[in-house]
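Have a look at the structure below before the remarks.
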Amino acid sequence: MRMSDAGADPAAVLTARIARKVYRSARSEPVEAVRDLAFAIAPGEVVCLIGPSGAGKTTTLRILLGLDRDYEGSVEPDPRGGAGIGMVFQDPRLLPWRTVEQNVRLALPRERRGRDLDALFEHLALTPWRGRFPGALSLGMQRRVALARALADDPRLLILDEPFVSLDDAAAASLRGLVVDTVDRLGMSVLMVTHNVAEALEIADRLLLLSPRPASLVATVPLALPRRERGRAFAEATRRDLARLYPGVIAD
Ligand code: ADP
Ligand code: MG
């Protein structure tokens, strides 16, 4: 989808048009974090937002979530209206004095707080940890709890901000497998931010490549090959092609 098409599809789960986001403060120069970034996410589609560190990716997600209203542009549907978005922040942000189960339930609207979450905990292999406190868990496990929390209310769109950073390879691979599996099983749309191309190539239906700050759209890359059929060779060849085409975004 080209920028000019964004918003043309009424079936999109999310349509964002961010013309400009500038951080202003009395003490320092203004920082322009996003410029001309427009995209839409289709039902069931997995989109990865790839850009260098400091580009403006987290800023973009905060706008999509309605946490930052100070920007030029629009996000539809209005994120304040309970848009059915589940969010996994980079930092798991669990309440340390609440159990794993309470952390997940507290994210639910009051009327659904008592719902049956057995299948969710089971799927994420968290069943034995339901009564434990976050402090007893590894970072990988805490991220899994954050994922459970984001999924608890059956979101239409799952947004993940660099969910695999700071994990060792095994923990990252296991969490990545869970995300892929969850997406295949539940079929929601996903928007995942990463600066790791290999990771994106395992998961995405489409890549959105962002420039260094201010984040703007450099290219949209559809990946037609089904996830299951992608192997190492596909990932390496695609990564090489992308690095050649977009050297400013993707390092060799
Ligand atoms: P990314 O997630 O791509 O690494 P961010 O969106 O966190 O990047 O940040 C983009 C730019 O905006 C960075 O230069 C960062 O320092 C700046 N920035 C982020 N948050 C704020 C803020 N609250 N006030 C001022 N500048 C900010
Ligand atoms: Mg970030």
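Read the numbers this way: they start at 1 and go in the same order the structure lists the ligands and their atoms.
Although no hydrogens or angles enter the test, the distance criterion places no donor-acceptor pair under 3.5 Å between the side chain of Arg112 and the main chain of Ala152.
Considering both main-chain and side-chain atoms, Ala33 never comes within under 3.5 Å of ligand 1 through any nitrogen or oxygen pair. Close N/O approach between Lys57 and ligand 1 is found [any backbone or side-chain N/O within under 3.5 Å].
With respect to atom 5 (P) of ligand 1, the closest heavy atom belonging to the protein is Thr59 OG1, 3.7 Å. For atom 4 (O) of ligand 1, the nearest non-hydrogen atom of the protein is Gly54 N, 2.7 Å. Protein heavy atom closest to atom 23 (N) of ligand 1, with residue, atom name and distance, is Tyr23 CE2, 3.6 Å. When only non-hydrogen protein atoms are considered, atom 11 (C) of ligand 1 lies nearest to Arg213 CD, 3.5 Å. Among all protein heavy atoms, the one lying closest to atom 7 (O) of ligand 1 is Thr58 CB, 3.7 Å.
Per-residue contacts place Gly56 under 4.0 angstrom from the following atoms of ligand 1 (heavy atoms of the residue considered): 1 (P), 3 (O), 5 (P), 6 (O), 8 (O), 10 (C).
The existence of a salt bridge linking Arg130 and Asp118 is confirmed by a sub-4.0 Å separation between a basic side-chain nitrogen and an acidic carboxylate oxygen. Between Glu202 and Arg230 there is no salt bridge, since no side-chain N of the basic residue sits under 4.0 Å from a carboxylate O of the acidic one.
For a distance bound of 2.8 Å, the N, O or S atoms of Thr58 include one lying that close to the Mg ion (ligand 2).
Atom 27 (C) of ligand 1 lies below 4.0 Å from at least one non-hydrogen atom of the protein. Within 4.0 Å of atom 16 (O) of ligand 1, not a single protein heavy atom is present.
In this structure, the side chains of Leu126 and Met141 come closer than 4.5 Å at one or more pairs of heavy atoms. Using a 4.5 Å cut-off on side-chain heavy atoms (C-beta onward), Asp184 and Arg227 make contact. Side-chain contact between His195 and Glu162 is present, with at least one heavy-atom pair separated by less than 4.5 Å. Side chains of Val145 and Pro134 form no contact here, defined as non-hydrogen atoms less than 4.5 Å apart.
Side chains of Asp161 and Thr58: a donor-acceptor N/O pair is present below 3.5 angstrom, by distance only.
Under a 4.0 Å heavy-atom criterion, Ser53 is in contact with ligand 1.
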